[in-house]
Amino acid sequence: MNSFNIIRFGNVLRRLCIVRRKKIISLTLGLTIFFALTGIMSIDPFHIGPIDKTEITIRFLGVLGMIVIVFSTFLTIGGYLIISDLNNKNSLIDELTLPASALEKFVARLLFVTIGVMLSLAVSFLVADVIQQLLCMLLHAGTRVSMLGFILDSYPGIRNGFGSLSIYFIAYLFQNSIFVLGGVFFKKVPWLCTIIVLFLLFTIISLAIIGLVSYIYGYTNYHLSLPDIQVCTPLKFLIGAVFTGLNYFLAYRLFCRLQVINNRWFNI
């Protein structure tokens, strides 16, 4: 069997969307309700009559952080869902016996937890924003504030051109790749196990850096200097791309080793 056939891949992707449609619909509806309620509570729904647009904008400041955190969290950890449907013997047998290569199956699942989750979040947020604006106009004599426009104005770096967008995008893919790797490696509660491992790694690396800096300044004549941020942008993009590709590759190799019978906490 060829490692990748576009027609066969299309069939695998279509099957995956059918199998997991309930998951993506539930996620979209749940997030739509959350974003809509958050936006509605910000426009003073218990007051009917004209209201100043500035007042509503100030009210949005109180929920902006929560909206961004929830949006970013689901966007980041969505990668752990890559094999969440293969949690029993029958579903795993169906996946392993599917007439397609492991690469086609993995790429289809990867698209589901990257583009699929991203589209789900975007649709839920846009629908919630429309609902919030319509209700605001009905209650407050035509006054409205777009949550999307408000967030874009609050984070101008998003609209600063290709350079900024590329960094945001590679940062998203890097974080997603970590949870994709964790989702394939850990068999039980992969999102929690991945967060715990990340916390431990961050702690160890931070302590190592603090120890190294303390040693350099205390026992040597060397001085540390940080490079210019603009110079570092291409380097950050390159490093992020390399580690993102490495995480996805490791996840793919682990995906190829999935077994029907596995009583351990991790798939290896």
The test is side-chain contact (heavy atoms from CB on, under 4.5 Å); show your working for T76 and I178 and say whether it passes. CA-CA 9 Å; T76 300; I178 293 175; over 6 Å; no
Euclidean distance, I115 CD1 relative to L110 CG, rounded to 0.5 Å: 8.5 Å
Value rounded to 0.5 Å, distance of CG in L212 from CD1 in I209: 8.0 Å
Between NZ of K105 and CG of L96, what distance do you get to the nearest 0.5 Å? 6.0 Å
Among L16, L86, V19, L258, find the residue that satisfies the side-chain contact (heavy atoms from CB on, under 4.5 Å) test when tested with E95. L86
Is the shortest side-chain heavy-atom distance between T114 and Y248 below 4.5 Å? yes
Using the side chain to side chain donor-acceptor pair (under 3.5 Å) rule, take R14 and N11 through it: C-alpha gap first, then chi angles, then the decisive distance, then the call. CA-CA 5 Å; R14 184 162 55 250; N11 293 331; 2.4 Å; yes
Connected via hydrophobic side-chain network under 4.5 Å: I210 and I204: no
Do I25 and L31 belong together in a cluster built from hydrophobic side chains that touch within less than 4.5 Å? yes
Would you indicate whether the side-chain heavy atoms of L81 and W191 approach each other to under 4.5 Å? no
Pairing of K22 and D85 as salt bridge, 4.0 angstrom limit: no
Is it true that L246 and L173 fall in one hydrophobic cluster, defined by side-chain heavy atoms closer than 4.5 Å? yes
Short side-chain to backbone donor-acceptor contact, S124 and L121, under 3.5 Å: yes
Please determine whether residues L200 and F185 belong to a single hydrophobic cluster, defined as Ile, Leu, Val, Met, Phe, Trp and Tyr linked transitively by side-chain heavy-atom distances below 4.5 Å. yes
So, do L254 and L181 sit near enough that their side-chain heavy atoms are less than 4.5 Å apart? yes
Could you go through the side-chain contact (heavy atoms from CB on, under 4.5 Å) check for V197 and F186 one step at a time? CA-CA 11 Å; V197 170; F186 295 108; 3.7 Å; yes
Nearest 0.5 angstrom please: L111 CG to R109 CZ, how far? 12.0 Å
Any side-chain heavy atom of F74 sitting closer than 4.5 Å to one from V70? yes
Kindly check if the number of other-residue, nucleotide or ligand heavy atoms within 6.0 Å of CD1 (I7) is above 12? no
Spacing of Q132 atom CD and L148 atom CG [to the nearest 0.5 Å]: 11.0 Å
Determine the sole option in F179, F112, F106 for which the side-chain contact (heavy atoms from CB on, under 4.5 Å) test with I82 is passed. F106
Using the six-membered ring wherever Trp is involved, compare the ring planes of F125 and F35 and label them parallel, tilted or perpendicular (cut-offs 30° and 60°). perpendicular
Please evaluate residues D94 and R15 with respect to the criterion side-chain contact (heavy atoms from CB on, under 4.5 Å), reporting the C-alpha separation (whole Å), side-chain torsions for both, the decisive distance (0.1 Å), and the verdict. CA-CA 12 Å; D94 291 340; R15 171 190 174 274; 4.2 Å; yes
Between I24 and S120, what is the shortest heavy-atom contact and its length? CD1-CB, 3.8 Å
For residues V12 and A108, report the shortest heavy-atom separation together with the two atoms involved. CG1-CB, 3.9 Å
Do you know which two heavy atoms are closest between G183 and P190, and how far apart they sit? CA-CB, 3.8 Å
Give a yes or no answer on whether the side chain of N247 reaches the backbone of V180 with a donor-acceptor pair at less than 3.5 Å. no
V130 and L126, any side-chain heavy atoms less than 4.5 Å apart: no
Is there a continuous path of hydrophobic side-chain contacts, each under 4.5 Å between heavy atoms, that joins I33 to L75? no
Spacing of L238 atom CG and F243 atom CZ [to the nearest 0.5 Å]: 10.5 Å
Should Y80 and T194 be marked as a side-chain contact (heavy atoms from CB on, under 4.5 Å) after you check the CA-CA gap, both sets of side-chain angles, and the distance that decides it? CA-CA 9 Å; Y80 89 91; T194 304; 5.7 Å; no
Give me the atom names and distance for the closest heavy-atom approach of R20 to S84. NH2-OG, 2.5 Å
